[in-house]
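The structure presented is a predicted model; accordingly, all values stated were derived computationally and were not measured.
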Amino acid sequence: MEETPKRILVVDDEASICELMKINLEIAGYAVDEANSAEMALEKNLTTYSLIVLDIMMGEMSGLDLVSRLRANASTSQIPIILCTALGDDQPLVDGFNRGADDYIRKPFSMRELVARVGRLLRKTPYSTIVEYEDLRLDNTDKSCTLEGAPVTLTKKEYDLLHFLLTNRGKIFSREEILDAVWEKNVYVVDRTIDVNINRLRKKLGKYESSIITRQGYGYGFKENL
């Protein structure tokens, strides 16, 4: 049986850029829809998309604001997001990662680079079906996280990061090791990306916030209660 192509939404207020991305991603085998504003994107059933490519600078609602809306909704919180930016300043990208974006690409970019980044972000990572630590539980079947039975909304990168730390409890990993294990290969990320995701994850883990420890000069790990 032929596999159903993954659906991608490209959001940019420049229609010509949307069309160019659509054409090249369809050639690569994806099913692609377009939206020329964040507001138009919100009119779609976003839960049907496997990935969203999103411009930062748009009309009344910016791409960053749309990232926040997507991450605040449990049904869209784990959809991978690639930000596009023509800005030279890194701060909007840091803001984007703080809000939950997974990757970025600077304009002007080649369509080959776009297709490669999309492919890497969609690449499946083999996981154990269930990972548990006390009353913290990850279920890879539906990529869900619960704490004391209550759902915890995580982005894709937060989920992947927590999964990595939980399955390697008691070990300390450098930023480079975490980047290699959790982020896609050969993807350049801005400074502090690991730190931003660690801090954001801690805030969501309640009583386990202090279980994600920092070893100055070494890196991060998940410490088991003794």
Side-chain angles (χ1 to χ4, degrees), residues 6-13 33 35 37-85 87 90-105 117-118 120-125 127 136-147 150-166 178-179 182-184 187 189-190 192-206 208-209 212:
K6 288 183 169 62
R7 297 189 69 207
I8 296 174
L9 177 65
V10 294
V11 187
D12 197 301
D13 58 1
D33 292 330
S37 69
E39 292 85 353
M40 287 177 62
L42 287 171
E43 293 175 358
K44 298 181 179 295
N45 182 2
L46 296 176
T47 62
T48 64
Y49 295 104
S50 300
L51 182 143
I52 297 174
V53 181
L54 178 60
D55 188 38
I56 288 180
M57 298 295 293
M58 290 189 285
E60 293 186 15
M61 180 184 290
S62 72
L64 297 179
D65 290 335
L66 181 53
V67 172
S68 296
R69 292 277 292 270
L70 292 169
R71 292 308 183 228
N73 188 325
S75 65
T76 58
S77 65
Q78 293 195 39
I79 299 175
I81 298 173
I82 298 177
L83 291 176
C84 300
T85 179
L87 302 173
D90 281 345
Q91 187 54 48
L93 292 172
V94 173
D95 191 10
F97 283 120
N98 271 317
R99 296 182 189 220
D102 298 284
D103 196 5
Y104 79 98
I105 187 168
R117 285 182 180 272
V118 167
R120 283 194 293 263
L121 203 52
L122 289 176
R123 188 176 298 123
K124 293 181 179 179
T125 304
Y127 288 141
L136 179 62
R137 185 176 191 268
L138 294 178
D139 186 341
N140 193 55
T141 303
D142 58 1
K143 302 296 190 295
S144 63
C145 174
T146 57
L147 175 59
V152 179
T153 300
L154 301 177
T155 69
K156 181 180 185 299
K157 279 291 172 275
E158 289 166 356
Y159 182 94
D160 292 345
L161 180 56
L162 180 57
H163 189 282
F164 175 68
L165 295 177
L166 277 179
I178 294 173
L179 184 65
V182 177
W183 270 257
E184 290 68 35
V187 173
V189 296
V190 297
R192 299 195 297 117
T193 297
I194 304 295
D195 302 342
V196 164
N197 279 272
I198 288 285
N199 291 334
R200 202 169 59 210
L201 181 58
R202 280 176 172 150
K203 292 176 182 178
K204 296 183 177 182
L205 293 184
Y208 295 110
E209 177 180 357
I212 299 180

Q: For the pair Leu161 and Ile198, evaluate side-chain contact (heavy atoms from CB on, under 4.5 Å) and give the outcome as yes or no after the intermediate values.
A: CA-CA 8 Å; Leu161 180 56; Ile198 288 285; 3.7 Å; yes
How long is the gap from [atom1] on [X] to [atom2] on [Y], to the nearest 0.5 Å?
X      : Y      : atom1 : atom2 : answer
Asp65  : Arg99  : CG    : CZ    : 5.0 Å
Thr76  : Ile81  : OG1   : CD1   : 7.5 Å
Tyr49  : Thr47  : OH    : OG1   : 9.5 Å
Thr155 : Asn197 : OG1   : CG    : 6.0 Å
Leu179 : Ile194 : CG    : CD1   : 5.0 Å
Leu51  : Ile82  : CG    : CD1   : 4.5 Å

State, yes or no, whether a side-chain contact exists between [X] and [Y] at a heavy-atom distance under 4.5 Å.
X      : Y      : result
Leu83  : Leu64  : yes
Lys156 : Asp160 : yes
Ile56  : Tyr104 : no
Asn73  : Ile79  : no
Arg137 : Val152 : no
Asn199 : Asn98  : no

Nearest non-hydrogen partners of [X] and [Y], listed with the distance:
X      : Y      : result
Leu136 : Cys145 : CD1-SG, 3.9 Å
Met58  : Asp12  : SD-CA, 4.1 Å
Ser62  : Ala38  : O-CB, 4.2 Å
Pro80  : Leu121 : CB-CD2, 3.6 Å

Q: For Glu39, enumerate each residue passing the side chain to side chain contact (heavy atoms under 4.5 Å, CB included) test, keeping only those at least two apart in sequence or located in another chain.
A: Ser37, Glu60, Met61
Q: Could you pull out all residues at least two apart from Ala41 that satisfy side chain to side chain contact (heavy atoms under 4.5 Å, CB included)?
A: Leu9, Val11, Ala35, Leu66
Q: Take atom CE of Met40 as the centre, draw a 6.0 Å sphere, and report whether it contains more than 12 heavy atoms from other residues, nucleotides or ligands.
A: yes
Q: List the steps, then state whether side-chain contact (heavy atoms from CB on, under 4.5 Å) holds for Leu154 with Lys143.
A: CA-CA 9 Å; Leu154 301 177; Lys143 302 296 190 295; over 6 Å; no
Q) Yes or no on side-chain contact (heavy atoms from CB on, under 4.5 Å) for Arg71 and Thr153, after CA distance, side-chain angles and deciding distance? A) CA-CA 8 Å; Arg71 292 308 183 228; Thr153 300; over 6 Å; no
(Q) Check Asp103 with Arg117, please: is the shortest side-chain N to carboxylate O separation under 4.0 Å? (A) yes
Q | Salt bridge Asp195-Arg202, side-chain N to carboxylate O under 4.0 Å | A | no
